[in-house]
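Since this is a predicted model, take the numbers as computed values, not measurements. Throughout, protein chains are lettered first and strands after them, A, B, ... in sequence-line order, and every chain is numbered starting at 1.
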Amino acid sequence: MPELPEVETVRAGLAQHLVRAKVSSIAISDARSLKRNVAGVQGFVDELTGSTLQAVVRRGKFLWLPLSGERALVGHLGMSGQILVRTPDFAPDPQTRVVIYVETEAGEPLEIRFVDQRLFGGLMIDDLAPTPDGLGAGFSPEAEAASVIPTTVAHIARDLLDPHFDAEAVAVKMTKKNSAIKRVLLDQNLLSGIGNIYADESLWLAKLHYDKPASSISKKKHLELIEIAAEVLRKAVAKGGTSFDEQYKNVNGESGYFSQSLNAYGMTGLPCKRCGMPIKREAWANRGSHFCPKCQKR
DNA sequence: AAAAGTACCTGCGCGC
DNA sequence: TGCGCGCAGGTACTTT
């Protein structure tokens with residue numbers, strides 16, 4: 001569910017409260033939200049307790065909070081995850097799986113609540129390793145991102161808003177893909193941050209059909225699509241992301257309002273804002289694709 | 001090696 | 001009212 005703009009909204013919210021906060025204790029009510037946790041629940045608790053959260057960094061849809069130069073708390077929201085920052089007196093949030101109790105730099109006690117309906121998201125503690133190119137690993141304006149990345153995130157490509165994102169190189173790779181253009185846009189190993197909403201939105205803006213083979217699209221058009229997608233992501237970040245229901249919230253439990261700007265996703269049956277033809281939804285690759293049958297020809 | 005398919009979960013709204 | 005089905009913003013693993 002959460003794509004780059006939603007995750008960035010969460011990152012910024014966490015950074016506001018948690019930089020240099022110290023972990024006091026942890027409560028795990030559902031260990032299924034701890035992923036790849038070879039050290040066990042107790043190992044997770046032991047390592048995190050007493051540690052200081054140094055920064056909040058994001059690459060694509062992944063977040064991590066360095067605990068030192070070598071280890072980090074990594075989080076992913078999956079389809080339905082939220083990370084809420086609450087004061088201790090705040091009412092319980094349904095589907096809270098993990099609570100990390102912290103004391104902020106200013107000495108205020110806060111709770112980081114990891115909430116997740118479907119359990120596709122999760123937290124883990126992981127090693128940090130140098131990035132292959134030696135450049136900053138992700139986005140973290142409050143504390144310049146170090147050039148170390150969690151090993152479990154290393155295979156994720158730089159996202160479209162990353163200052164080191166190489167649009168030219170990615171566009172060349174896209175022309176060589178023998179897959180549908182939408183599948184390529186969703187390939188986090190090639191370019192990260194785009195999910196189903198922003199893929200459909202970008203393709204609508206670029207007037208491309210989701211199932212058009214990427215190899216049949218020129219490099220120039222791929223570059224245009226990349227720039228369109230980056231702009232959509234930037235605008236969505238500015239509006240706090242897209243919220244349709246209770247599933248996506250920022251760290252304060254508030255909805256974003258980019259849904260007002262959507263042209264294709266979730267607009268099935270409504271007139272295309274360019275030509276008036278009803279937007280169509282088709283099942284595709286185990287998900288839905290929304291597009292204008294007139295503006296977006298295969 | 002690349003590309004496609006499947007598994008992992010819970011809960012909601014819909015039609016019957 | 002109840003039940004089964006389809007649907008939901010993602011990723012990792014397996015298969016072809």
Do [X] and [Y] come within less than 4.5 Å of each other through their side chains, counting heavy atoms only?
| X | Y | result |
| --- | --- | --- |
| A:Lys182 | A:Asp200 | yes |
| A:Leu225 | A:Ile181 | yes |
| A:Ile279 | A:Trp204 | yes |

Looking only at side-chain atoms of [X], point me to the closest of [options].
| X | options | answer |
| --- | --- | --- |
| A:Asn178 | C:dG9, B:dT10, B:dA3 | B:dA3 |
| A:Tyr248 | C:dG10, B:dC9, C:dG9 | C:dG9 |
| A:Arg118 | C:dG9, B:dG5, C:dA8 | C:dA8 |
| A:Ile197 | B:dG5, C:dG9, B:dT10 | C:dG9 |

Discussion item. Base, sugar-phosphate or nothing for A:Arg281? Non-hydrogen atoms, less than 4.0 Å.
Written reply: sugar-phosphate

Item to complete: Pick base, sugar-phosphate or nothing for A:Asn286, based on heavy-atom distances below 4.0 Å to the nucleic acid.
Response: base

Item to complete: Test A:Lys273 against A:Glu201 for salt bridge (Lys or Arg N to Asp or Glu O under 4.0 Å), laying out the working first.
Response: CA-CA 12 Å; A:Lys273 291 174 190 171; A:Glu201 291 304 303; over 6 Å; no

Rounded to the nearest Å, what distance is computed from the [atom1] atom of residue [X] to the [atom2] atom of nucleotide [N]?
| X | N | atom1 | atom2 | answer |
| --- | --- | --- | --- | --- |
| A:Lys177 | B:dA1 | NZ | C1' | 10 Å |
| A:Arg287 | C:dG6 | CZ | P | 18 Å |
| A:Arg32 | C:dG10 | CZ | P | 21 Å |
| A:Leu119 | B:dA7 | CG | P | 18 Å |
| A:Glu3 | C:dT11 | CD | C1' | 13 Å |
| A:Met174 | B:dA2 | CE | C1' | 16 Å |
| A:Trp284 | B:dG5 | CH2 | C1' | 13 Å |
| A:Lys35 | C:dG10 | NZ | P | 16 Å |

Worksheet item: Would you call A:Phe120 stacked on C:dT11, i.e. ring centres under 5.5 Å apart with the planes less than 30° off parallel?
Response: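 No; centroid distance or tilt outside limits.
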
Fill in: Check: A:Ser51 side chain, A:Leu48 main-chain N or O, donor-acceptor pair, under 3.5 Å
yes

Item to complete: Considering just the side-chain nitrogens and oxygens of A:Gln117, establish if one lies under 4.0 Å of OP1 or OP2 belonging to C:dA8.
Response: no

